Amino acid sequence: MAESDTNTTTDFIREAVAEDLATGRYTWVRTRFPPEPNGYLHIGHVKAFSIDFGVAEDFGGQCNLRFDDTNPVKEEVEYVEAQKEDIRWIGYDWGDREYYASDYFDQLYEWAVQLIKKGKAYVDSLSPEQIREYRGGFGEPGRESPYRDRPVEENLALFERMRAGEFEEGEAVLRAKIDMQSGNMNLRDPVMYRILHASHHRTGDKWCIYPMYDWAHGQSDSIEGVTHSFCDLGYEDHRPLYNWFIEQLGIFAPRQIEFARLNVSHTVLSKRFLGQLVQEGYVSGWDDPRMPTIAGMRRRGYTPEAIRAFMDSVGVAKKDSLVDMALLEYHVRDDLNRRAPRVMGVLRPLKVVITNYPQGKVEEFEAINNPEDESAGTRMLPFSGELYIEQEDFREDPPRKWFRLAPGAEVRLKHAYYITCQEVVKDPQTGELVELRCTYDPESRGGGTPDGRRVKGTLHWVSAPHAVDAEVRLYDRLFTEPDPMDVEEGEHWTSFLNPNSLEILTGCKVEPGLADASPGSRYQFLRLGYFALDPDSVPGKPVFNETVALRDTWAKIEEGRKGRRNRS
RNA sequence: UCGGGGGUCGUCUAACGGCAGGACAAGGGACUUUGGAUCCCUGUAUUGAGGUUCAAAUCCUCACCCCCGAGCCA
């Protein structure tokens, strides 16, 4: 905490901004986050807007939210609402500065006319295919369009007719007149306006020509007085064009700075591919808890604080990187460890009967809610002669260093008594484990004995008559490969989808206090992991999402043994 | 092929000519009424070759490797 206050986290972007202020290039700082409302925001966007909002914050400036809505065929209001909610949830606020590129369509049109008059833009009547041909390729220069030198008056008239709807889509475009020989494709007379007979979610049918990204973005920045326009590396070679338009127009010049976008292992970070997962039914929706979307992470139980801490730890640079999902999970655990109340829940129940516990007796034990936070207080837990423990916590034939229950072994039930396994009851037909018959030590009430004997294992449990039935959804990585997009030819990225990314457990038993917990609340199920109540829950029938498992040292030991055995 | 950008532990990232540091991951240990948390310890990196300099990850040259770019997408 105190650390992050004193630690001025810096990076090449903040250094550049500080320098711009020092040299007087700008006297204020304003940034913007410009999402296209064509899908849900994911953790990669969080990096982007953490930089946009974070830099503004650090330099006493402001960050605008501006929807980049220049393509009506892809954009929908549903997405603008979702994106706003998600940004707010992460913890950023744009005040009343909610803008749309479409707010500037009139101004942009005016400016386009200005460029035509300057002889810097022209209406091209080549077909889309011809334009592509004329553009040339990486090795060879492009060729100039035969329409490139139309007189200004003709261009003006044609452009007006484009606006008036006199052309079909693809019949004409407005192009900037720059340099068909340029090594930078973006400068080979880029298209500024195309015809789209589509109605727009904000401007309706007012327009049938829509500005391209390059023509809209820099000018929108300029209008808003944005000093620093951050974007990903993909726009690096658009910067000369960004600057060219601003310069031709002679308007306020923002500075574009590019950084490497975030990649996280075992997932994909692209609205297009995430949308495909939704459409093709690989996940239940944009907010499926396995999705790296903000909505998905929220439903999964991740906290905004954890996500922001993760952003701080990944840094900002220009190097392509693939951040290990384990780092995100570390921050989620780190945050939840501090704040999640501990409860007991048994995922795969195994019945335990305490044979020497008085018939029908019920006791209550006081349990600490969070050992990391005394102010979280305590709660009372019912205990009886019939309990559930985790199937995993019993082995008939225990391996070395097994601290849990086994025939003849004694363990502690958290907050309650020591029990010793006396008998294993199996189904005579199937041989399947039915229940354990154990004895308890009345002296061990509260978890310790007068003789101070050592019990290594402590198990979580739930009193059978008091238990609440729950559904628990266990999650694993969405993809089996760290970089699913890195496919060999002939392979498809969806073939790396993890078939075991979701496991639904029913008949789980949780402590009674959880019967009507409210959706979104997060808990640590003792010894298991963090779980968040899903909105699918109904009163008395909770559904939990596994947020992230606790570190499991024992699992690691066993895995290590297995590995060693296989190797020898 | 041309243009743009980038190469530091397994992974992210620091260093701004002066001891290559941190975090995650991995491995080991201590502690433990969560095999959680916490604490301690360990290993492993400057793409390569030259040059400048008392001193180079950092400056210069030349290689090599990786990413992006030929939408009327953003």
Side-chain angles (χ1 to χ4, degrees), chain A residues 10-11 15 34-36 38 68-71 73-75 124 126-128 131-133 135-142 169-175 182-188 190-196 209-210 212-214 216-217 231-240 258 260 262 265 271-272 310 312-331 333-334 337-338 342 344 368 371-372 401-404 412-416 418 444 446-448 455-460 482 524-529 549-557 560:
Chain A
T10 194
D11 51 64
E15 280 169 14
E36 183 186 15
N38 68 341
D68 218 331
D69 55 351
T70 55
N71 188 351
V73 315
K74 287 186 171 180
E75 296 146 9
D124 197 350
L126 250 25
S127 71
I131 288 184
R132 193 183 331 117
E133 271 177 49
R135 187 154 29 227
F138 293 145
E140 77 275 25
E169 294 184 9
E171 264 191 283
V173 289
L174 185 73
R175 290 231 252 171
S182 177
N184 182 344
M185 292 291 173
N186 298 117
L187 265 19
R188 321 248 260 226
V191 172
M192 294 165 64
Y193 277 99
R194 79 288 217 187
I195 294 166
L196 252 25
I209 56 171
Y210 290 93
M212 298 288 289
Y213 165 86
D214 287 301
H217 200 86
C231 58
D232 75 72
L233 260 24
Y235 295 95
E236 217 148 17
D237 51 14
H238 290 244
R239 185 168 8 108
E258 312 84 10
L262 175 68
S265 72
K271 270 188 274 188
R272 191 176 137 226
F310 170 70
D312 284 344
S313 70
V314 300
V316 181
K318 295 192 77 162
K319 184 172 65 162
D320 296 314
S321 65
L322 181 63
V323 177
D324 196 333
M325 177 71 88
L327 182 60
L328 212 207
E329 292 175 339
Y330 163 80
H331 285 288
R333 284 195 196 96
D334 187 50
N337 174 51
R338 251 167 311 188
R342 317 284 126 127
M344 292 202 282
I368 291 170
E372 305 290 322
K401 292 264 187 106
W402 177 260
F403 302 155
R404 282 119 96 148
R412 172 169 37 236
L413 295 178
K414 180 75 178 177
H415 303 303
Y418 289 4
S444 64
V455 175
K456 282 281 232 176
T458 301
L459 308 188
H460 59 277
Q524 184 196 101
F525 283 15
L526 230 54
R527 303 207 306 134
L528 296 175
L550 245 26
R551 282 184 52 205
D552 188 347
T553 319
W554 172 250
K556 208 174 273 182
I557 292 169

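From a predicted model like this one, the values you see are computed outputs, not experimental measurements. Each chain gets a letter, A, B and so on, in the order the sequences are listed, and its residues count up from 1.
The closest donor-acceptor contact from the side chain of Arg333(A) to the backbone of Ala549(A) lies under 3.5 Å. For Asp237(A) (side chain) and Asn184(A) (main-chain N/O), no donor-acceptor pair under 3.5 Å exists by modelled atom type.
Taking the C1' atom of each, G10(B) and G43(B) are spaced 12 Å apart, rounded to whole Å. Nucleotides C72(B) and A23(B) are separated by 49 Å at their P atoms, to the nearest Å. Taking the P atoms as reference points, G7(B) lies 22 Å from G50(B), given to the whole Å. Taking atom P on both G69(B) and A14(B), the two are 25 Å apart, rounded to the nearest angstrom. Taking the P atoms as reference points, U32(B) lies 32 Å from U44(B), given to the whole Å. When the C1' atom is used for both G6(B) and U58(B), the distance is 16 Å, rounded to whole Å. C24(B) sits 42 Å from C62(B) when the P atoms are compared, rounded to a whole Å. U8(B) sits 15 Å from G48(B) when the C1' atoms are compared, rounded to a whole Å.
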Inset, instruction - Please step through side-chain contact (heavy atoms from CB on, under 4.5 Å) for the pair Lys318(A) and Glu236(A), ending with a clear verdict. - result: CA-CA 11 Å; Lys318(A) 295 192 77 162; Glu236(A) 217 148 17; 2.5 Å; yes
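Here Lys271(A) pairs with Asn38(A) under the side-chain hydrogen bond (donor to acceptor under 3.5 Å, both in side chains) rule; sequence neighbours left out. Looking at residues two or more places apart in sequence or on another chain, you find a salt bridge (charged side-chain N to carboxylate O under 4.0 Å, His left out) between Asp124(A) and Arg175(A). Checked against salt bridge (charged side-chain N to carboxylate O under 4.0 Å, His left out), Asp552(A) has no partners two or more places apart in sequence or in another chain. Not a single ring pair (Phe, Tyr, Trp, His ring centres under 6.0 Å) links Phe403(A) to another residue, sequence neighbours left out. Looking at residues two or more places apart in sequence or on another chain, you find no salt bridge (charged side-chain N to carboxylate O under 4.0 Å, His left out) involving Glu36(A). The ring pair (Phe, Tyr, Trp, His ring centres under 6.0 Å) check on Tyr330(A) picks up nothing, with sequence neighbours excluded. With sequence neighbours excluded, the residues satisfying side chain to side chain contact (heavy atoms under 4.5 Å, CB included) with Asp324(A) are Ser265(A), Ala326(A). Every side-chain hydrogen bond (donor to acceptor under 3.5 Å, both in side chains) that Tyr418(A) has, sequence neighbours left out, goes to Arg412(A).
Applying the 90° criterion around 0 to the glycosidic angle, G5(B) comes out anti.
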Inset, instruction - Could you run through nucleotides 34-47 of chain B and give me one letter per nucleotide, 5' to 3': B if any protein heavy atom sits under 4.0 Å from the base, S if only the sugar-phosphate is that close, - if neither? - result: BBBS----------
Inset, instruction - For each nucleotide in nucleotides 66-74 of chain B, reading 5' to 3', give B when a protein heavy atom comes within less than 4.0 Å of its base, S when such contact involves only the sugar-phosphate, and - otherwise. - result: -S-BBSBBB
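Residue Ser182(A) holds its OG atom at 6.5 Å from CZ of Arg188(A), rounded to the nearest 0.5 Å. Distance check: His238(A) NE2 to Asn186(A) CG gives 4.0 Å after rounding to the nearest 0.5 Å. Between atom CZ of residue Arg342(A) and atom NE2 of residue His460(A) there is a gap of 14.5 Å, rounded to the nearest 0.5 Å.
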Protein and nucleotides 9-11 of chain B: nitrogen or oxygen contacts under 3.5 angstrom:
unit_1, atom_1, unit_2, atom_2, d
U11(B), O3', Leu322(A), O, 3.4
U11(B), O2', Leu322(A), O, 3.1

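At the heavy-atom level, His331(A) lies nowhere under 4.0 Å from the strands shown.
In RNA chain B, stems built from 3 or more consecutive Watson-Crick or G-U wobble pairs, each with both distances under 3.5 Å, span B:2-7 with B:64-69, B:10-13 with B:21-24, B:26-30 with B:38-42, B:47-51 with B:59-63.
Side-chain proximity of Glu15(A) to the nucleotides G27(B), A15(B), G5(B) is greatest for A15(B).
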